[in-house]
Engineer: 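Below you'll find the structure I mean.
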Number of protein chains: 2
Amino acid sequence: MLELRLVQGSLLKKVMESLKDLVNDANFDCSATGFSLQAMDSSHVALVALLLRSEGFEHYRCDRNISMGMKLENLTKILKCAGNDDIITIKGDDGGDTVTFMFESPSQDKIADFEMKLMDIDSEHLGIPDAEYQAIVRMPSAEFARICKDLSSIGDTVVISVTKEGVKFSTKGDIGTANIVCRQNTTVDKPEEATVIEMQEPVSLTFALRYMNSFTKATPLSNTVTISLSSELPVVVEYKIAEMGYIRFYLAPKIEEDEDDTKPQV
Amino acid sequence: MLELRLVQGSLLKKVMESLKDLVNDANFDCSATGFSLQAMDSSHVALVALLLRSEGFEHYRCDRNISMGMKLENLTKILKCAGNDDIITIKGDDGGDTVTFMFESPSQDKIADFEMKLMDIDSEHLGIPDAEYQAIVRMPSAEFARICKDLSSIGDTVVISVTKEGVKFSTKGDIGTANIVCRQNTTVDKPEEATVIEMQEPVSLTFALRYMNSFTKATPLSNTVTISLSSELPVVVEYKIAEMGYIRFYLAPKIEEDEDDTKPQV
DNA sequence: ATGTTAACAG
DNA sequence: CTGTTAACAT
């Protein structure tokens, strides 16, 4: 028996908007800890991990661990039927092959329920080790999204270079090159406008912009984004979900072709 | 001689937006009573009836009954040329084969007139008997439109089931099932937000969502919609046009395949 | 031509 | 937050 009640239903809608470009089908895992998902993108290059902790739900009952395979396109269709301020309840039976979504309008005058068939989905649930990162950048999520979008009109890859002064996003394409530098800046009115760099040592890594732009679909979930970088490790792009958890995207760096310098140089 | 002056010209524009998805050509009938239209949709499944009573016009002169056949696409093109607060005058000559639309801007600074050729259109003008309905539901038109749109992302047909507690809209599709229940609710701030059920006996009927979604194009004409249901009778979906009349859509229920229960169960 | 989505105004 | 509009993609 599974019953999760989420007052802020729009949050689930936003989560799906963040995922659906990247992932086609995925298993949602419920346990006493919370509601989580881990999935590779359809081309098996990027990985996404979602956690919504049980404490963030108004009501959370999960008698035994359960994994529910869903086609995200169908789930998105159903969530589109929920109003932005509807209360969403997710119900499942142990061993059942369906999941039920219930949407209650704030006035309680309209109650909708949608039953969706579950699917069997192979998933290798990778253990993601906690790692030390050479550099962690926290910045406004909208600014990061804008940078990725702007750079992708010039080139296909972005070089992210961190020094303790700031972070530089660079690209190169047929029409020329682009460099966008964000200086560390903690003296802002609101903490979410800050750009903060925690750096052990300078790092410079290259990533495909196509994936970065998919990751930024999660921008509505958080005002800030955290980018954790280490040589030899996948970058982690994390959007915290207030009171509940996070959505994290992992992407391996491109092997540098070394046609020019790869030294960090902000 | 025919001359109809309608101060609220936007109303005619909205009426055309409501009709044009459903009907290609139709006869507009003018009599002392008013300006009316009755037409089958292009696939001869649904029927639409429009009435704009003469009292709703600022000036209404109709010396003898006249039927004017128009291609709604052309009429729509012409009405697009009218401003939303223009005063619209419709003029025709007895036995003439054209109709003239005149648009006056509120400031009287701009006066446009458009003459359109009439067409001969076969039309079987069906007498629509007044019937007693087993159940009549009145609800906010926007809510009904939202429900039809949401359900059509899941399935092709909707089962409308009425009990005295409320009305249930259900569908079934490849990805699962959906049920949306609207409780009777008359204790709202504004009367147009109420959901009111007048029921003689419970009723449950199935309709094609495609047509329902066409009907809801009339939503801008009224804050509320009335749905009248009886077994064996076409459903009537009515949008009242303030001070003037109504637009009514008729659609025969689908014969239930009885693969599962058809009992009303809200 | 149509449907969907992103941005903006009320 | 809903409604509208504009741009976009199909």
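Since we're looking at a predicted model, the values are computed, not measured. Numbers restart at 1 for each chain; the letters A, B, ... are given by sequence-line order, proteins then strands.
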Engineer: Output the rounded distance in Å from CD (A:Glu73) to P (C:dT4).
Structural biologist: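 Distance check: A:Glu73 CD to C:dT4 P gives 12 Å.
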Engineer: So, A:Phe114 versus A:Phe103, ring centres under 6.0 angstrom or not?
Structural biologist: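 Judged by ring-centre distance (under 6.0 Å), A:Phe114 and A:Phe103 do meet the cut-off.
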Engineer: May I have the distance from B:Asp21 (atom CG) to C:dG3 (atom P), rounded to whole angstrom?
Structural biologist: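 In whole Å, C:dG3 P lies 8 Å from B:Asp21 CG.
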Engineer: Send over the distance from A:Lys13 NZ to D:dT2 C1', rounded to a whole Å.
Structural biologist: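 Roughly 12 Å, once rounded to whole Å.
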Engineer: How long is the line joining NZ of A:Lys149 and P of C:dT5, in whole Å?
Structural biologist: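 Checked: the NZ to P distance equals 18 Å.
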Engineer: Report the residues that fulfil ring-ring contact (aromatic ring centres under 6.0 Å, His included) with B:Tyr239, sequence neighbours left out, ordered by chain and then residue number.
Structural biologist: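 For B:Tyr239 there are no ring-ring contact (aromatic ring centres under 6.0 Å, His included) partners, ignoring immediate neighbours.
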Engineer: How long is the line joining CG of A:Asn84 and P of D:dC1, in whole Å?
Structural biologist: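 Result: 6 Å.
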Engineer: Give every donor-acceptor pair under 3.5 Å between a side-chain atom in residues 5-14 of chain A and any protein atom, sequence neighbours left out.
Structural biologist:
from, atom 1, to, atom 2, distance (Å)
A:Arg5, NE, A:Glu58, OE1, 2.6
A:Arg5, NH1, A:Glu104, OE2, 2.6
A:Lys13, NZ, A:Leu79, O, 3.4
A:Lys13, NZ, A:Ala82, O, 2.5

Engineer: From NZ of B:Lys80 over to P of C:dA1, roughly how many Å is that when rounded to an integer?
Structural biologist: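 Those two atoms, NZ and P, are 10 Å apart.
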Engineer: Near B:Arg183 CZ, under 6.0 Å, is it more than 12 heavy atoms from other residues, nucleotides or ligands?
Structural biologist: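 For B:Arg183, atom CZ is not crowded (no more than 12 foreign heavy atoms under 6.0 Å).
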Engineer: Taking CG from A:Asp85 and C1' from D:dT2, how many angstroms apart are they, rounded to a whole number?
Structural biologist: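 After rounding, the gap between these two atoms is 10 Å.
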Engineer: Take atom CD of B:Glu17 and atom C1' of C:dT2, then tell me their distance rounded to the nearest Å.
Structural biologist: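 Distance check: B:Glu17 CD to C:dT2 C1' gives 14 Å.
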